[in-house]
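Here's the structure we're looking at; comments come further down.
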Amino acid sequence: MSTRLTELNDNIIFATLRDYVEQLAEEGLDGPPMSPASLHGECSPRTAAAAGEGARASALSPAAARNERPEAGASRAASGAAAALFSAYPGLEETGDLAELRAFIGDCRRCKLAGGRTHLVFGVGNPNARLMFVGEGPGADEDAQGEPFVGRAGQLLTDIIERGMGMGRAEVYICNVVKCRPPENRKPEPGEIAACEPFLWRQIDLVRPQVIVALGSVAAQSLLKVKTPISRLRGSWHEARGIRVMPTFHPAYLLRNPADKRLVWSDVQQVMKALGLPAVKPGRPR
Ligand code: URA
């Protein structure tokens, strides 16, 4: 084989491998290997216990099935685990609105991500939104600007919201699992997610969205307390502490795998239906 052909071959093999590794990372499979049961979406006893208070595919509680907004404090009432979550930070549950919550978080030093951040990226949007998007964590652009989803992935998310759903970006609420940028855009570690989790849940409690769209494996697995890959979670309704959750692929993944946009489009249509939003002709903002 000529050198040119060998190089071409190497490039193709490299690109295929890179796509495969990216797919695994998005699936959340870059951590310790999972048991065959968890790969098939079956719960281990530990996960089943967590799922009992959090995630359950296609078995929504009556309130979530009726598509009602959660009651104030519903997340705490839904489980004893939520009480333990909030008690990690005394005073957190007494925060009365998002501004108070932001003030409570302050110049956070509760995990090592603090050392590398420019801005703590709290969240943005309608404090009474019916629809909330939860991403993974800020990237470089978000860290620089202090606002979630403002980089390339953010532009795609904005497109999904505005052109796909016919809503305004300011109509929804957007935040992340972790509020500070993980270095080198790595995935947040379990300890970092745990340190931020009470803030995310307080944010959810205060906004009280009818529906949460979990963007990517980190958001979906954190909210639902499962290790199931995103490709198996996406496309069906789940529930976390009384709130409907639709997991879907992360916009950054879609930038690398545009063919999967059709799957996100189908997930988004389910969300629109649940919210009673009229369908939008593709490419035509309402
Ligand atoms: N990716 C995320 O998960 N969140 C952001 O805010 C930006 C990119």
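Start at 1 and go down the list; that is how both ligands and their atoms are numbered. It should be emphasised that the depicted structure is a prediction, and the values quoted were computed from it without experimental measurement.
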Ring pair (Phe, Tyr, Trp, His ring centres under 6.0 Å) against F149, all qualifying residues, sequence neighbours excluded: H250
Those residues that, when tested against E192, pass salt bridge (Lys or Arg N to Asp or Glu O under 4.0 Å) (two or more places apart): K112, R186
Partners passing side chain to side chain contact (heavy atoms under 4.5 Å, CB included) against E171 (at least two apart in sequence or in another chain): M167
Working for side-chain contact (heavy atoms from CB on, under 4.5 Å), residues K179 and E142: CA-CA 10 Å; K179 314 295 185 212; E142 291 75 21; over 6 Å; no
Under 3.5 Å: N or O atoms of ligand 1 paired with protein N or O:
{"from": "ligand 1", "atom 1": "1 (N)", "to": "H250", "atom 2": "NE2", "distance (Å)": "3.3"}
{"from": "ligand 1", "atom 1": "3 (O)", "to": "E136", "atom 2": "N", "distance (Å)": "2.7"}
{"from": "ligand 1", "atom 1": "3 (O)", "to": "G137", "atom 2": "N", "distance (Å)": "3.3"}
{"from": "ligand 1", "atom 1": "3 (O)", "to": "G137", "atom 2": "O", "distance (Å)": "3.4"}
{"from": "ligand 1", "atom 1": "3 (O)", "to": "N176", "atom 2": "OD1", "distance (Å)": "3.4"}
{"from": "ligand 1", "atom 1": "3 (O)", "to": "H250", "atom 2": "NE2", "distance (Å)": "2.8"}
{"from": "ligand 1", "atom 1": "4 (N)", "to": "G137", "atom 2": "O", "distance (Å)": "3.0"}
{"from": "ligand 1", "atom 1": "4 (N)", "to": "N176", "atom 2": "OD1", "distance (Å)": "2.8"}
{"from": "ligand 1", "atom 1": "4 (N)", "to": "N176", "atom 2": "ND2", "distance (Å)": "3.4"}
{"from": "ligand 1", "atom 1": "6 (O)", "to": "F149", "atom 2": "N", "distance (Å)": "2.9"}
{"from": "ligand 1", "atom 1": "6 (O)", "to": "N176", "atom 2": "ND2", "distance (Å)": "2.9"}

NZ or CZ of R110 within 45° of Y89 ring axis and under 6.0 Å: yes
Passing option when V218 is tested against L223, I193, N176 for side-chain contact (heavy atoms from CB on, under 4.5 Å): I193
